[in-house]
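Let me begin by presenting the structure, written as structure tokens, before commenting on it.
FYI, side chains are in, hydrogens and waters are out, and symmetry mates aren't considered; it's all heavy atoms of this structure.
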Amino acid sequence: MLSLLITPSSTSSRKARKWLVDHDIPFNERNMARHPLNGDEIKELLSLTENGCWDLVSRQSETFKRLNVGIEKLHLSQFIELLVAHPQILKRPILVDHEKLQIGFNEDEIRSFLPRKLRKDEFKTLLAKTC
């Protein structure tokens, strides 16, 4: 099942939720402000990233700037502890389904969460329009 990890104040989180609802994709929603991720959940997300720690961290976050931490110098366990202690430095929304991970809202990339058959049908429709 697809999980949508959000903070309600995030415009991108609201866009991701709307997109999933509009496309009838079932998902579990979790407010990370009320129910922060634990260390094991962060490890799972890290295992799906392409660029490791930097994929998860919002460098523009006020908290991140205030902490002034050199993430590249942290051991993995220290990094995980940092995210558990300061979940507001996580990028959002986070969409994850145990195989795929998308961080932030990108309308092109979120399409990967559509069922394959639906993606094929939409592609055929698009091709028909171009001919």
Side-chain angles (χ1 to χ4, degrees):
M1 168 72 69
L2 178 64
S3 292
L4 175 64
L5 310 174
I6 64 153
T7 54
S9 61
S10 162
T11 302
S12 294
S13 293
R14 290 191 301 270
K15 285 180 183 178
R17 180 191 308 114
K18 181 180 179 339
W19 191 92
L20 292 170
V21 169
D22 288 351
H23 289 83
D24 296 320
I25 297 175
F27 63 96
N28 292 321
E29 183 175 318
R30 178 172 172 181
N31 179 337
M32 292 190 297
R34 287 190 185 149
H35 305 286
L37 299 175
N38 64 39
D40 289 337
E41 292 168 321
I42 292 169
K43 286 179 196 174
E44 183 180 338
L45 293 178
L46 280 169
S47 74
L48 296 171
T49 63
E50 291 181 19
N51 302 305
C53 300
W54 288 115
D55 282 353
L56 296 179
V57 174
S58 173
R59 297 176 217 188
Q60 297 149 359
S61 158
E62 289 300 319
T63 303
F64 180 73
K65 291 175 185 176
R66 190 172 21 90
L67 289 171
N68 195 26
V69 176
I71 287 182
E72 59 281 340
K73 295 177 184 175
L74 296 176
H75 293 284
L76 180 59
S77 60
Q78 293 171 312
F79 175 72
I80 292 168
E81 288 173 13
L82 177 72
L83 292 182
V84 169
H86 303 283
Q88 60 274 29
I89 67 175
L90 284 165
K91 289 181 183 176
R92 50 207 177 270
I94 298 173
L95 291 97
V96 62
D97 73 355
H98 299 292
E99 293 177 5
K100 295 182 290 262
L101 172 71
Q102 180 179 333
I103 300 172
F105 178 75
N106 179 306
E107 194 154 358
D108 293 331
E109 291 176 12
I110 199 171
R111 299 184 64 69
S112 71
F113 291 99
L114 285 170
R116 183 175 297 267
K117 182 181 179 341
L118 186 57
R119 287 195 317 255
K120 283 183 179 181
D121 291 347
E122 285 186 2
F123 182 69
K124 287 177 186 176
T125 302
L126 243 159
L127 281 177
K129 287 181 182 179
T130 61
C131 295

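- Put simply, the side chain of Asn31 never gets that close to the backbone of Thr7: no donor and acceptor are under 3.5 Å apart.
- No side-chain heavy atom of Thr11 sits under 4.5 Å from any side-chain heavy atom of Phe105.
- The structure places CD1 of Ile103 at 12.5 Å from OG of Ser12, a figure rounded to the nearest 0.5 Å.
- Looking at residues two or more places apart in sequence or on another chain, you find no side chain to side chain donor-acceptor pair (under 3.5 Å) involving Asn106.
- Contact of the Leu90 side chain with the Val57 side chain is not registered, since no non-hydrogen atoms from C-beta on lie closer than 4.5 Å.
- Using modelled atom types, no side-chain atom of Glu44 and backbone atom of Leu46 make a donor-acceptor pair closer than 3.5 Å.
- Within the 4.5 Å cutoff, side-chain heavy atoms of Cys53 are placed close to those of Ile71.
- Using modelled atom types and a 3.5 Å distance limit, the side chains of Arg92 and Ser10 yield no donor-acceptor pair.
- Listed by first then second residue, pairs satisfying ring-ring contact (aromatic ring centres under 6.0 Å, His included) with a partner in residues 17-76 read Trp19-His23, not counting sequence neighbours.
- A side chain to side chain contact (heavy atoms under 4.5 Å, CB included) with Arg30 is found for one member of Ile6, Leu4, Leu37 and no other, namely Leu37.
- Side-chain contact between Leu2 and Asn28 is absent, with no heavy-atom pair separated by less than 4.5 Å.
- The backbone N or O of Leu95 lies less than 3.5 Å from no partner atom in the side chain of Gln102, so there is not a single donor-acceptor pair.
- The heavy-atom pair separating Glu107 from Ile110 by the smallest distance is O-CG2, 3.3 Å.
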